[in-house]
Amino acid sequence: IENPAMIFRGSPAISCYYVADTDIAHNNITNCNYTGISLGWGWDDYPDLTYCANNKVENNYIENVNLITADGGAIYTLGNLPNAVIKGNYYVQTKMPQQQAYNTIGIYFDEGTQNVTATNNVIDMAAVSARDEIYAIRAWTDTIKNVTATGNYATLTTVGNAGTSCVIDTPTAYTAGSEPAAVAEI
């Protein structure tokens with residue numbers, strides 16, 4: 001999927017809102033005006049909405065997001081997603097986004113995201129200069145609950161965790177061009 005959202009610039013390359021048992025896998029996504037992959041829907045805290053269960057975002061390659069818009073990421077989640085797994089994805093940002101804030105986030109857990117595990121992902125933002133609102137992984141508000149992000153790798157290791165009962169470890173740092181063997185395998 002190349003250059004998505006050329007007319008409607010706020011559209012993700014792949015959108016899956018109220019879905020269950022869905023695998024988003026083995027996609028090559030490049031040059032997104034907004035988000036690469038968007039999973040879930042429903043801002044706020046709705047723990048009884050459990051029908052968006054058992055979804056997987058695995059083994060995708062995503063290059064350049066938020067080129068025009070902001071407040072998105074390579075992988076973006078929203079709402080209660082019981083048993084969701086984000087694993088083995090490779091995200092690289094080689095172009096500088098236009099927006100100055102709410103900008104480039106590798107894995108972005110947005111409002112109401114619940115019950116998601118993210119592991120063994122690579123987030124390469126070495127080409128992006130440090131400025132406000134640039135995160136490898138972020139859970140930015142307390143309506144985000146029971147999210148686990150461990151065992152990830154990143155060139156920029158800034159994380160944000162204002163979630164409730166969330167475990168978001170700082171990714172293992174590496175330098176672009178000197179990737180450890182585990183990164184090369186992803």
Side-chain angles (χ1 to χ4, degrees), residues 12-14 24-30 32 35-40 55-67 70-78 81 83-97 99 101-111 113-142 144-186:
I14 296 175
I24 305 167
H26 303 287
N27 295 286
N28 187 334
I29 301 167
T30 58
C32 301
T35 287
I37 297 170
S38 180
L39 177 64
N55 296 300
K56 296 178 184 175
V57 179
E58 296 181 314
N59 304 314
N60 296 285
Y61 177 82
I62 304 165
E63 182 176 332
N64 297 320
V65 300
N66 292 350
L67 293 176
D71 197 25
I75 299 170
Y76 172 94
T77 64
L78 191 65
L81 300 160
N83 303 314
V85 174
I86 299 169
K87 182 178 179 182
N89 299 285
Y90 197 107
Y91 160 55
V92 61
Q93 188 80 20
T94 63
K95 296 180 180 178
M96 202 60 179
Q99 298 290 325
Y102 298 111
N103 205 318
T104 303
I105 299 168
I107 300 172
Y108 183 10
F109 303 113
D110 203 355
E111 288 186 64
T113 295
Q114 297 177 42
N115 305 307
V116 178
T117 299
T119 189
N120 208 36
N121 297 285
V122 175
I123 302 157
D124 180 349
M125 294 191 284
V128 178
S129 64
R131 58 185 191 202
D132 291 342
E133 305 293 331
I134 298 197
Y135 296 88
I137 303 168
R138 186 176 188 202
W140 73 275
T141 186
D142 64 359
I144 300 162
K145 298 180 180 178
N146 303 317
V147 168
T148 302
T150 59
N152 296 291
Y153 303 87
T155 56
L156 173 74
T157 59
T158 305
V159 298
N161 184 2
T164 303
S165 300
C166 294
V167 176
I168 299 180
D169 290 349
T170 300
T172 300
Y174 74 94
T175 303
S178 300
E179 294 85 359
V183 168
E185 290 176 16
I186 298 171

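Positions are given from 1 along the sequence.
- In this structure, the side chain of N64 engages the main chain of T94 through a donor-acceptor pair within 3.5 Å.
- Side-chain contact between E63 and Y90: absent, with no pair of heavy atoms (C-beta onward) separated by less than 4.5 Å.
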Legend entry - Y108 vs T35, side-chain contact (heavy atoms from CB on, under 4.5 Å): CA-CA, chis, key distance, verdict: CA-CA 10 Å; Y108 183 10; T35 287; over 6 Å; no
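- Judged by distance alone, the side chain of E185 and the main-chain N or O of V183 form no donor-acceptor pair under 3.5 Å.
- When all heavy atoms are compared, the tightest approach of A173 to T157 is CB-CG2, 3.6 Å.
- With sequence neighbours left out, T164 forms a side-chain contact (heavy atoms from CB on, under 4.5 Å) with D142, K145.
- Minimum heavy-atom separation, I29 to A13: CG2-CB, 3.5 Å.
- A donor-acceptor pair under 3.5 Å links the side-chain atoms of T119 to the main chain of T150, judged by distance alone.
- Considering all non-hydrogen atoms of both residues, I134 and L156 come closest at CG2-CD2, 3.2 Å.
- Here the side chains of F109 and L78 are not in contact, with every heavy-atom distance at 4.5 Å or above.
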Inset, instruction - Start with the C-alpha gap between L67 and Q93, add the side-chain angles, then the distance that decides, and say whether side-chain contact (heavy atoms from CB on, under 4.5 Å) holds. - result: CA-CA 10 Å; L67 293 176; Q93 188 80 20; 3.9 Å; yes
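- The shortest distance between side-chain heavy atoms of V167 and D169 falls below 4.5 Å.
- Taking each heavy atom of L81 and G40 in turn, the nearest pair found is CD2-CA, 3.8 Å.
- Between the CG atom in N27 and the CG atom in N60 there is a gap of 4.5 Å [rounded to 0.5 Å].
- A 4.5 Å side-chain heavy-atom check between I107 and Y91 finds every atom pair outside the cut-off.
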Legend entry - Steps toward side-chain contact (heavy atoms from CB on, under 4.5 Å) verdict (N161, V159): CA-CA 7 Å; N161 184 2; V159 298; 5.8 Å; no
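- The shortest heavy-atom contact between N89 and I186 is O-CG2, 3.9 Å.
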Inset, instruction - Report the C-alpha separation of I86 and T77 in whole Å, then their side-chain angles, then the decisive distance to 0.1 Å, and conclude whether the side-chain contact (heavy atoms from CB on, under 4.5 Å) test is met. - result: CA-CA 10 Å; I86 299 169; T77 64; 3.9 Å; yes
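- Residues Y76 and D71 have side chains that never bring a donor and an acceptor to within less than 3.5 angstrom of each other.
- Between I137 and P171 the shortest side-chain heavy-atom distance falls below 4.5 Å.
- The nearest pair of heavy atoms linking D124 to A176 is OD2-CB, 4.1 Å.
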